[in-house]
Participant: 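Following this message is one structure expressed as C-alpha coordinates.
So that the names make sense, note that chain A is the first sequence line, chain B the second, and so on, each numbered from 1. Hydrogens, waters and symmetry mates are skipped; everything else that's a heavy atom, side chains included, is used.
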Amino acid sequence: MVMVKCPVCGEQVSVDDNALPGEIVEHECGAQLEVFNDHGKLSLRLAEQVGEDWGE
Amino acid sequence: MKIGISYDVIRWEEKDLLQAIRRYGSTPVPIYLKDFHLTTEERLEDSPDLIVQRSVSHKRAQLSTLVFEGMGLSVVNPSTTLLLCQNKLHTTIQLSVNKISTPRTGIAFDETSALKLASKIGYPVVLKPIEGSWGRMTAKALDEDTLRSLLEYQRYTNTYYNNAFYLQEFVKKPDRDIRVFVIGDEAPVGIYRVNERNWRTNTALGARAEPLKVDEELEDLALRVREVVGGHFLGVDIFEDKERGYLVNEVNAVPEYKNTVRVTGFDVSGKLVSKLTEVIKR
(Lines give C-alpha, C1' and ligand atoms only; values in the text may rest on other atoms or scores of the structure.)
Protein backbone atom coordinates (compact mmCIF):
# COMPACT_ATOMS: atom_id res chain seq x y z
CA MET A 1 0.00 0.00 0.00
CA VAL A 2 1.13 3.57 -0.63
CA MET A 3 -0.03 6.60 1.30
CA VAL A 4 -1.41 9.39 -0.86
CA LYS A 5 -2.75 12.77 0.19
CA CYS A 6 -6.50 13.33 -0.13
CA PRO A 7 -6.94 16.42 -2.34
CA VAL A 8 -10.09 17.38 -0.40
CA CYS A 9 -9.23 17.03 3.31
CA GLY A 10 -5.45 16.67 3.16
CA GLU A 11 -5.45 13.42 5.18
CA GLN A 12 -3.37 10.44 4.09
CA VAL A 13 -5.27 7.77 2.13
CA SER A 14 -3.91 4.29 1.60
CA VAL A 15 -3.96 3.12 -2.02
CA ASP A 16 -3.03 -0.33 -3.32
CA ASP A 17 0.43 -0.43 -4.95
CA ASN A 18 -1.10 -2.11 -7.98
CA ALA A 19 -3.98 0.35 -8.35
CA LEU A 20 -4.65 1.32 -11.93
CA PRO A 21 -5.43 4.86 -13.06
CA GLY A 22 -9.21 5.26 -13.03
CA GLU A 23 -9.78 3.20 -9.87
CA ILE A 24 -12.24 4.84 -7.50
CA VAL A 25 -11.34 5.33 -3.84
CA GLU A 26 -13.96 6.34 -1.28
CA HIS A 27 -12.37 8.38 1.50
CA GLU A 28 -13.79 8.71 4.98
CA CYS A 29 -14.00 12.49 4.56
CA GLY A 30 -16.80 11.77 2.05
CA ALA A 31 -14.82 12.47 -1.08
CA GLN A 32 -14.99 10.12 -4.02
CA LEU A 33 -11.52 10.07 -5.52
CA GLU A 34 -9.90 8.54 -8.58
CA VAL A 35 -6.38 7.27 -8.93
CA PHE A 36 -4.28 8.90 -11.62
CA ASN A 37 -0.69 8.79 -12.73
CA ASP A 38 1.01 12.08 -11.87
CA HIS A 39 4.32 11.96 -13.74
CA GLY A 40 4.95 8.34 -12.75
CA LYS A 41 3.59 8.68 -9.20
CA LEU A 42 0.21 7.38 -7.98
CA SER A 43 -1.96 10.32 -6.97
CA LEU A 44 -5.59 11.06 -6.21
CA ARG A 45 -7.96 13.64 -7.60
CA LEU A 46 -11.69 14.20 -7.27
CA ALA A 47 -13.52 11.55 -9.30
CA GLU A 48 -15.37 12.70 -12.39
CA GLN A 49 -19.09 13.22 -11.83
CA VAL A 50 -21.51 10.94 -13.68
CA GLY A 51 -21.89 12.50 -17.12
CA GLU A 52 -24.92 12.81 -19.36
CA ASP A 53 -23.27 10.33 -21.76
CA TRP A 54 -22.35 7.75 -19.12
CA GLY A 55 -23.87 4.30 -19.16
CA GLU A 56 -23.95 0.96 -20.86
CA MET B 1 -1.85 -12.79 -27.13
CA LYS B 2 -2.38 -9.26 -25.92
CA ILE B 3 -5.90 -7.99 -25.26
CA GLY B 4 -6.41 -4.29 -24.64
CA ILE B 5 -9.02 -2.91 -22.25
CA SER B 6 -9.99 0.63 -23.16
CA TYR B 7 -11.51 2.29 -20.09
CA ASP B 8 -12.06 5.47 -18.13
CA VAL B 9 -13.38 4.13 -14.81
CA ILE B 10 -12.34 0.77 -13.36
CA ARG B 11 -15.53 -0.97 -12.27
CA TRP B 12 -16.02 -4.54 -11.11
CA GLU B 13 -16.36 -5.65 -14.73
CA GLU B 14 -13.02 -4.22 -15.86
CA LYS B 15 -11.20 -5.82 -12.92
CA ASP B 16 -12.84 -9.16 -13.66
CA LEU B 17 -11.94 -8.90 -17.35
CA LEU B 18 -8.29 -8.14 -16.56
CA GLN B 19 -8.17 -11.27 -14.36
CA ALA B 20 -9.93 -13.40 -16.99
CA ILE B 21 -7.44 -12.32 -19.67
CA ARG B 22 -4.56 -13.49 -17.44
CA ARG B 23 -6.43 -16.71 -16.54
CA TYR B 24 -6.77 -17.56 -20.23
CA GLY B 25 -3.02 -17.11 -20.75
CA SER B 26 -3.11 -13.72 -22.49
CA THR B 27 -1.62 -10.41 -21.46
CA PRO B 28 -3.97 -7.55 -20.60
CA VAL B 29 -3.07 -4.10 -21.88
CA PRO B 30 -5.01 -1.47 -19.91
CA ILE B 31 -5.60 1.70 -21.95
CA TYR B 32 -6.69 4.53 -19.67
CA LEU B 33 -8.51 6.96 -21.93
CA LYS B 34 -8.01 10.01 -19.75
CA ASP B 35 -4.23 9.64 -20.21
CA PHE B 36 -4.63 8.94 -23.90
CA HIS B 37 -3.06 11.27 -26.45
CA LEU B 38 -1.87 10.17 -29.86
CA THR B 39 -1.71 11.77 -33.26
CA THR B 40 -3.39 9.84 -36.05
CA GLU B 41 0.05 8.82 -37.41
CA GLU B 42 1.17 7.27 -34.12
CA ARG B 43 0.58 3.70 -32.96
CA LEU B 44 0.01 2.33 -29.46
CA GLU B 45 3.31 1.50 -27.74
CA ASP B 46 2.20 -1.92 -26.54
CA SER B 47 -0.07 -2.72 -29.47
CA PRO B 48 -2.69 -5.35 -28.55
CA ASP B 49 -4.15 -7.98 -30.88
CA LEU B 50 -7.65 -6.73 -30.08
CA ILE B 51 -9.20 -4.10 -27.82
CA VAL B 52 -12.29 -4.45 -25.64
CA GLN B 53 -14.04 -1.10 -25.40
CA ARG B 54 -15.22 -0.55 -21.81
CA SER B 55 -15.46 3.24 -21.52
CA VAL B 56 -18.40 4.32 -19.37
CA SER B 57 -18.56 7.59 -21.30
CA HIS B 58 -20.27 6.98 -24.63
CA LYS B 59 -18.39 9.84 -26.29
CA ARG B 60 -15.00 8.54 -25.18
CA ALA B 61 -16.01 5.01 -26.25
CA GLN B 62 -17.11 6.13 -29.68
CA LEU B 63 -14.17 8.44 -30.42
CA SER B 64 -11.42 6.22 -29.05
CA THR B 65 -12.82 3.25 -30.98
CA LEU B 66 -12.60 5.29 -34.18
CA VAL B 67 -8.96 6.10 -33.38
CA PHE B 68 -8.09 2.45 -32.63
CA GLU B 69 -9.83 1.28 -35.81
CA GLY B 70 -7.89 3.94 -37.72
CA MET B 71 -4.71 2.21 -36.48
CA GLY B 72 -5.97 -1.02 -38.00
CA LEU B 73 -6.91 -2.55 -34.63
CA SER B 74 -10.04 -4.63 -34.06
CA VAL B 75 -12.29 -3.30 -31.33
CA VAL B 76 -15.09 -5.10 -29.50
CA ASN B 77 -17.51 -3.63 -30.05
CA PRO B 78 -16.72 -1.80 -33.31
CA SER B 79 -17.61 1.86 -33.81
CA THR B 80 -20.55 0.99 -36.08
CA THR B 81 -22.15 -1.06 -33.27
CA LEU B 82 -21.48 1.64 -30.67
CA LEU B 83 -22.97 4.31 -32.91
CA LEU B 84 -26.07 2.23 -33.57
CA CYS B 85 -26.69 1.18 -29.97
CA GLN B 86 -25.90 4.47 -28.27
CA ASN B 87 -28.58 6.27 -30.27
CA LYS B 88 -31.99 4.88 -29.31
CA LEU B 89 -33.69 6.12 -32.46
CA HIS B 90 -31.03 4.55 -34.65
CA THR B 91 -31.44 1.24 -32.78
CA THR B 92 -35.24 1.29 -33.00
CA ILE B 93 -35.23 2.06 -36.73
CA GLN B 94 -32.71 -0.65 -37.58
CA LEU B 95 -34.56 -3.25 -35.48
CA SER B 96 -37.89 -2.32 -37.10
CA VAL B 97 -36.44 -2.40 -40.62
CA ASN B 98 -35.18 -5.90 -39.86
CA LYS B 99 -38.59 -7.06 -38.58
CA ILE B 100 -37.61 -7.30 -34.93
CA SER B 101 -40.53 -6.24 -32.74
CA THR B 102 -40.01 -3.17 -30.59
CA PRO B 103 -42.38 -1.06 -28.49
CA ARG B 104 -44.36 1.39 -30.65
CA THR B 105 -42.08 4.41 -30.95
CA GLY B 106 -42.05 7.78 -32.65
CA ILE B 107 -40.05 10.98 -32.98
CA ALA B 108 -41.12 14.63 -33.09
CA PHE B 109 -39.06 17.80 -33.30
CA ASP B 110 -41.42 20.25 -31.70
CA GLU B 111 -43.63 20.19 -28.59
CA THR B 112 -46.94 20.52 -30.47
CA SER B 113 -46.01 17.67 -32.80
CA ALA B 114 -44.87 15.59 -29.83
CA LEU B 115 -48.32 15.96 -28.25
CA LYS B 116 -49.94 14.83 -31.52
CA LEU B 117 -47.53 11.88 -31.67
CA ALA B 118 -48.44 10.89 -28.10
CA SER B 119 -52.14 10.89 -29.04
CA LYS B 120 -51.32 8.51 -31.89
CA ILE B 121 -49.32 6.20 -29.62
CA GLY B 122 -51.83 6.44 -26.77
CA TYR B 123 -51.24 7.32 -23.10
CA PRO B 124 -49.35 6.54 -20.98
CA VAL B 125 -46.28 7.35 -23.06
CA VAL B 126 -42.62 7.22 -22.15
CA LEU B 127 -40.29 10.10 -23.02
CA LYS B 128 -36.66 9.06 -23.34
CA PRO B 129 -33.48 10.93 -24.13
CA ILE B 130 -32.19 9.72 -27.51
CA GLU B 131 -28.81 9.13 -25.95
CA GLY B 132 -28.66 8.04 -22.35
CA SER B 133 -28.47 5.05 -20.09
CA TRP B 134 -29.29 3.60 -16.69
CA GLY B 135 -32.88 4.89 -17.06
CA ARG B 136 -31.69 8.43 -16.59
CA MET B 137 -34.29 11.07 -17.55
CA THR B 138 -36.71 8.41 -18.76
CA ALA B 139 -40.14 9.66 -17.77
CA LYS B 140 -43.70 8.37 -17.99
CA ALA B 141 -46.53 10.73 -18.88
CA LEU B 142 -49.99 9.51 -17.91
CA ASP B 143 -51.73 12.29 -19.80
CA GLU B 144 -51.22 15.28 -22.08
CA ASP B 145 -50.87 17.68 -19.18
CA THR B 146 -47.91 15.79 -17.71
CA LEU B 147 -46.31 15.26 -21.11
CA ARG B 148 -46.48 18.98 -21.89
CA SER B 149 -44.45 19.68 -18.74
CA LEU B 150 -41.93 16.92 -19.44
CA LEU B 151 -41.40 18.17 -23.00
CA GLU B 152 -40.78 21.66 -21.70
CA TYR B 153 -38.28 20.39 -19.14
CA GLN B 154 -36.40 18.46 -21.83
CA ARG B 155 -36.44 21.46 -24.17
CA TYR B 156 -34.62 23.57 -21.60
CA THR B 157 -31.97 21.03 -20.67
CA ASN B 158 -28.59 21.40 -22.33
CA THR B 159 -28.62 17.86 -23.73
CA TYR B 160 -27.53 17.49 -27.35
CA TYR B 161 -30.92 16.21 -28.52
CA ASN B 162 -33.06 18.47 -26.33
CA ASN B 163 -35.36 19.39 -29.22
CA ALA B 164 -35.90 15.83 -30.49
CA PHE B 165 -38.67 14.04 -28.62
CA TYR B 166 -38.41 10.24 -28.62
CA LEU B 167 -41.74 8.87 -27.43
CA GLN B 168 -42.61 5.27 -26.81
CA GLU B 169 -45.71 3.40 -25.75
CA PHE B 170 -45.70 2.32 -22.11
CA VAL B 171 -45.54 -1.47 -22.31
CA LYS B 172 -47.56 -3.07 -19.53
CA LYS B 173 -44.89 -5.61 -18.74
CA PRO B 174 -44.83 -7.64 -15.55
CA ASP B 175 -42.71 -5.97 -12.84
CA ARG B 176 -39.60 -6.97 -14.74
CA ASP B 177 -37.76 -6.96 -18.01
CA ILE B 178 -35.22 -9.34 -19.50
CA ARG B 179 -31.53 -8.79 -20.19
CA VAL B 180 -29.90 -11.35 -22.48
CA PHE B 181 -26.15 -11.22 -23.11
CA VAL B 182 -24.76 -11.98 -26.54
CA ILE B 183 -21.16 -13.17 -26.30
CA GLY B 184 -19.66 -13.90 -29.70
CA ASP B 185 -22.10 -16.09 -31.59
CA GLU B 186 -23.93 -17.30 -28.48
CA ALA B 187 -26.50 -15.93 -26.03
CA PRO B 188 -25.50 -18.03 -23.03
CA VAL B 189 -26.82 -16.06 -20.05
CA GLY B 190 -29.49 -13.64 -19.00
CA ILE B 191 -31.32 -12.17 -16.05
CA TYR B 192 -34.71 -10.83 -15.11
CA ARG B 193 -34.52 -7.29 -13.76
CA VAL B 194 -37.33 -7.06 -11.24
CA ASN B 195 -38.74 -3.95 -9.64
CA GLU B 196 -42.17 -3.91 -7.97
CA ARG B 197 -41.88 -0.25 -6.97
CA ASN B 198 -40.53 1.43 -10.09
CA TRP B 199 -41.65 0.77 -13.67
CA ARG B 200 -38.10 1.51 -14.78
CA THR B 201 -36.37 -1.84 -14.37
CA ASN B 202 -32.76 -0.71 -14.66
CA THR B 203 -30.55 -2.27 -11.98
CA ALA B 204 -28.92 1.18 -11.73
CA LEU B 205 -32.30 2.33 -10.33
CA GLY B 206 -32.59 -0.49 -7.82
CA ALA B 207 -34.10 -3.37 -9.81
CA ARG B 208 -33.23 -6.80 -8.46
CA ALA B 209 -31.41 -9.26 -10.71
CA GLU B 210 -32.80 -12.79 -10.86
CA PRO B 211 -31.49 -15.70 -12.90
CA LEU B 212 -33.16 -16.40 -16.23
CA LYS B 213 -32.98 -19.51 -18.37
CA VAL B 214 -32.28 -18.33 -21.90
CA ASP B 215 -34.60 -20.53 -23.95
CA GLU B 216 -34.36 -21.13 -27.70
CA GLU B 217 -36.76 -18.29 -28.55
CA LEU B 218 -34.81 -15.73 -26.50
CA GLU B 219 -31.47 -16.94 -27.82
CA ASP B 220 -32.74 -16.74 -31.39
CA LEU B 221 -34.06 -13.22 -30.80
CA ALA B 222 -30.81 -12.01 -29.21
CA LEU B 223 -28.75 -13.44 -32.08
CA ARG B 224 -31.06 -11.82 -34.62
CA VAL B 225 -30.43 -8.52 -32.84
CA ARG B 226 -26.71 -9.17 -33.15
CA GLU B 227 -27.10 -9.70 -36.89
CA VAL B 228 -28.61 -6.22 -37.08
CA VAL B 229 -26.25 -4.25 -34.80
CA GLY B 230 -23.07 -6.33 -35.15
CA GLY B 231 -20.50 -6.72 -32.40
CA HIS B 232 -19.35 -9.51 -30.11
CA PHE B 233 -20.66 -8.43 -26.73
CA LEU B 234 -24.16 -7.03 -26.26
CA GLY B 235 -26.76 -6.64 -23.54
CA VAL B 236 -30.18 -6.95 -25.17
CA ASP B 237 -33.09 -5.55 -23.14
CA ILE B 238 -36.42 -7.23 -23.83
CA PHE B 239 -39.98 -6.60 -22.65
CA GLU B 240 -42.61 -9.30 -22.31
CA ASP B 241 -45.95 -8.24 -23.77
CA LYS B 242 -49.03 -10.39 -23.18
CA GLU B 243 -50.33 -10.10 -26.74
CA ARG B 244 -47.24 -9.50 -28.84
CA GLY B 245 -44.65 -11.61 -27.01
CA TYR B 246 -41.08 -10.33 -26.82
CA LEU B 247 -40.33 -6.71 -27.73
CA VAL B 248 -36.72 -5.54 -27.94
CA ASN B 249 -36.44 -2.30 -26.01
CA GLU B 250 -32.75 -1.36 -26.20
CA VAL B 251 -29.35 -2.80 -26.99
CA ASN B 252 -26.32 -2.02 -24.83
CA ALA B 253 -22.93 -2.08 -26.53
CA VAL B 254 -20.81 -1.74 -23.36
CA PRO B 255 -22.93 -3.85 -21.02
CA GLU B 256 -22.42 -4.12 -17.28
CA TYR B 257 -22.71 -7.62 -15.84
CA LYS B 258 -21.70 -7.63 -12.17
CA ASN B 259 -25.22 -8.53 -11.03
CA THR B 260 -25.59 -11.18 -13.74
CA VAL B 261 -22.45 -12.96 -12.56
CA ARG B 262 -23.57 -12.63 -8.93
CA VAL B 263 -26.98 -14.26 -9.41
CA THR B 264 -26.19 -16.78 -12.16
CA GLY B 265 -22.60 -17.73 -11.33
CA PHE B 266 -21.88 -17.56 -15.07
CA ASP B 267 -18.34 -16.46 -15.92
CA VAL B 268 -19.18 -13.68 -18.40
CA SER B 269 -15.60 -12.33 -18.56
CA GLY B 270 -14.17 -15.81 -19.12
CA LYS B 271 -16.65 -16.58 -21.89
CA LEU B 272 -15.93 -13.23 -23.55
CA VAL B 273 -12.16 -13.73 -23.42
CA SER B 274 -12.52 -17.24 -24.80
CA LYS B 275 -14.65 -15.94 -27.70
CA LEU B 276 -12.22 -13.06 -28.34
CA THR B 277 -9.33 -15.50 -28.46
CA GLU B 278 -11.18 -17.34 -31.26
CA VAL B 279 -11.63 -14.01 -33.10
CA ILE B 280 -7.91 -13.19 -32.81
CA LYS B 281 -6.88 -16.64 -34.07
CA ARG B 282 -9.05 -16.33 -37.20
Participant: Is B:Asp16 salt-bridged to B:Lys258, cutoff N-O under 4.0 Å?
Facilitator: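 No salt bridge links B:Asp16 with B:Lys258.
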Participant: Pick one of side chain, backbone, both or neither for B:Leu33, based on which atoms fall under 4.5 Å of a heavy atom in chain A.
Facilitator: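 Looking at B:Leu33, nothing touches chain A.
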Participant: In terms of heavy-atom proximity below 4.5 Å to chain A, should B:Asp35 be classed as side chain, backbone, both, or neither?
Facilitator: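 Interface part for B:Asp35: side chain.
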Participant: At a heavy-atom separation under 4.5 Å, does B:Lys59 approach chain A through its side chain, its backbone, both, or neither?
Facilitator: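 Both parts, backbone and side chain.
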Participant: With chain A as the partner, which of B:Met137, B:Arg136, B:Glu131 has the greatest number of non-hydrogen pairs under 4.5 Å?
Facilitator: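 If we count pairs closer than 4.5 Å to chain A, B:Arg136 comes out on top.
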Participant: So, B:Ser55 versus B:Ser57: side-chain donor-acceptor pair below 3.5 Å or not?
Facilitator: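 Absent: no donor and acceptor within the cut-off.
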Participant: If you compare all heavy atoms of B:Arg193 against all heavy atoms of B:Asp237, which two are closest, and at what distance to 0.1 Å?
Facilitator: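 Looking at all heavy atoms of both residues, the closest pair is NH2-OD2, 3.3 Å.
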Participant: Under 4.5 Å, heavy atom to heavy atom: which of residues 33-41 of chain A reach chain B? Give them by number, or say none.
Facilitator: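 The residues closer than 4.5 Å to chain B, in numerical order, are A:Glu34, A:Val35, A:Asn37.
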Participant: Would you name the heavy atoms of A:Leu42 and A:Ala19 that are closest together and state the gap between them?
Facilitator: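 Smallest heavy-atom distance, with atoms named: CD2-O, 3.9 Å.
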Participant: Which value, rounded to the nearest 0.5 Å, describes the distance between B:Leu84 atom CG and B:Leu95 atom CG?
Facilitator: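 The CG atom of B:Leu95 is 8.0 Å from CG of B:Leu84, to the nearest 0.5 Å.
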Participant: Could you check whether atom CD of B:Glu42 has more than 12 heavy atoms from other residues, nucleotides or ligands sitting under 6.0 Å from it?
Facilitator: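 Yes, CD of B:Glu42 has more than 12 neighbouring heavy atoms, counting only those of other groups under 6.0 Å.
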Participant: Could you check whether B:Arg155 makes a cation-pi contact with B:Tyr153, meaning its NZ or CZ is under 6.0 Å from the centre of the six-membered ring and within 45° of the ring axis?
Facilitator: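 Judged by the rule (NZ or CZ under 6.0 Å from the ring centre, within 45° of its axis), B:Arg155 is not positioned above B:Tyr153.
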Participant: So which heavy atom on B:Asn249 is nearest to which on B:Gln168, and how close?
Facilitator: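 For B:Asn249 versus B:Gln168, the nearest heavy atoms are OD1-OE1, 3.3 Å.
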Participant: Which one, B:Leu18, B:Asn252, B:Val56, B:Asn202, leads in non-hydrogen pairs under 4.5 Å with chain A?
Facilitator: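 The residue among B:Leu18, B:Asn252, B:Val56, B:Asn202 with the greatest pair count is B:Val56.
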Participant: Considering only heavy atoms, which portion of B:Pro30 lies under 4.5 Å from any heavy atom of chain A: side chain, backbone, both, or neither?
Facilitator: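 B:Pro30 touches chain A through side-chain heavy atoms alone.
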Participant: For the ring pair B:Phe36 and B:Phe68, is the centre-to-centre distance below 6.0 Å?
Facilitator: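 Between B:Phe36 and B:Phe68, the centre distance is under 6.0 Å.
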Participant: Do any of residues 49-56 of chain A come closer than 4.5 Å to chain B, heavy atom to heavy atom, and if so which ones, in number order?
Facilitator: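 At a heavy-atom separation under 4.5 Å, chain B is reached by A:Val50, A:Gly51, A:Glu52, A:Asp53, A:Trp54, A:Gly55, A:Glu56.
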Participant: Please tell me whether B:Ser6 and B:Tyr32 have a donor and an acceptor in their side chains that are separated by less than 3.5 angstrom.
Facilitator: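 The answer is no; no qualifying pair exists.
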Participant: Examine distances only and state if a side-chain atom of B:Asp177 and a backbone atom of B:Ile238 form a donor-acceptor pair shorter than 3.5 Å.
Facilitator: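 Not a single qualifying donor-acceptor pair exists.
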Participant: Decide whether a cation-pi geometry holds between B:Lys173 and B:Phe239; the criteria are a distance under 6.0 Å from NZ or CZ to the six-membered ring centre and an angle within 45° of the ring axis.
Facilitator: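 Positive - B:Lys173 is close enough to the ring of B:Phe239 and near enough to its axis.
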Participant: B:Arg226 and B:Gly231: which non-hydrogen atoms are nearest, and at how many Å?
Facilitator: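 Where B:Arg226 meets B:Gly231 most closely, the heavy atoms are NE-O, 2.8 Å.
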Participant: I need the residue from B:Glu250, B:Arg60, B:Arg11 with the largest number of non-hydrogen atom pairs under 4.5 Å to chain A.
Facilitator: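 Ranked by heavy-atom pairs under 4.5 Å with chain A, first place is B:Arg60.
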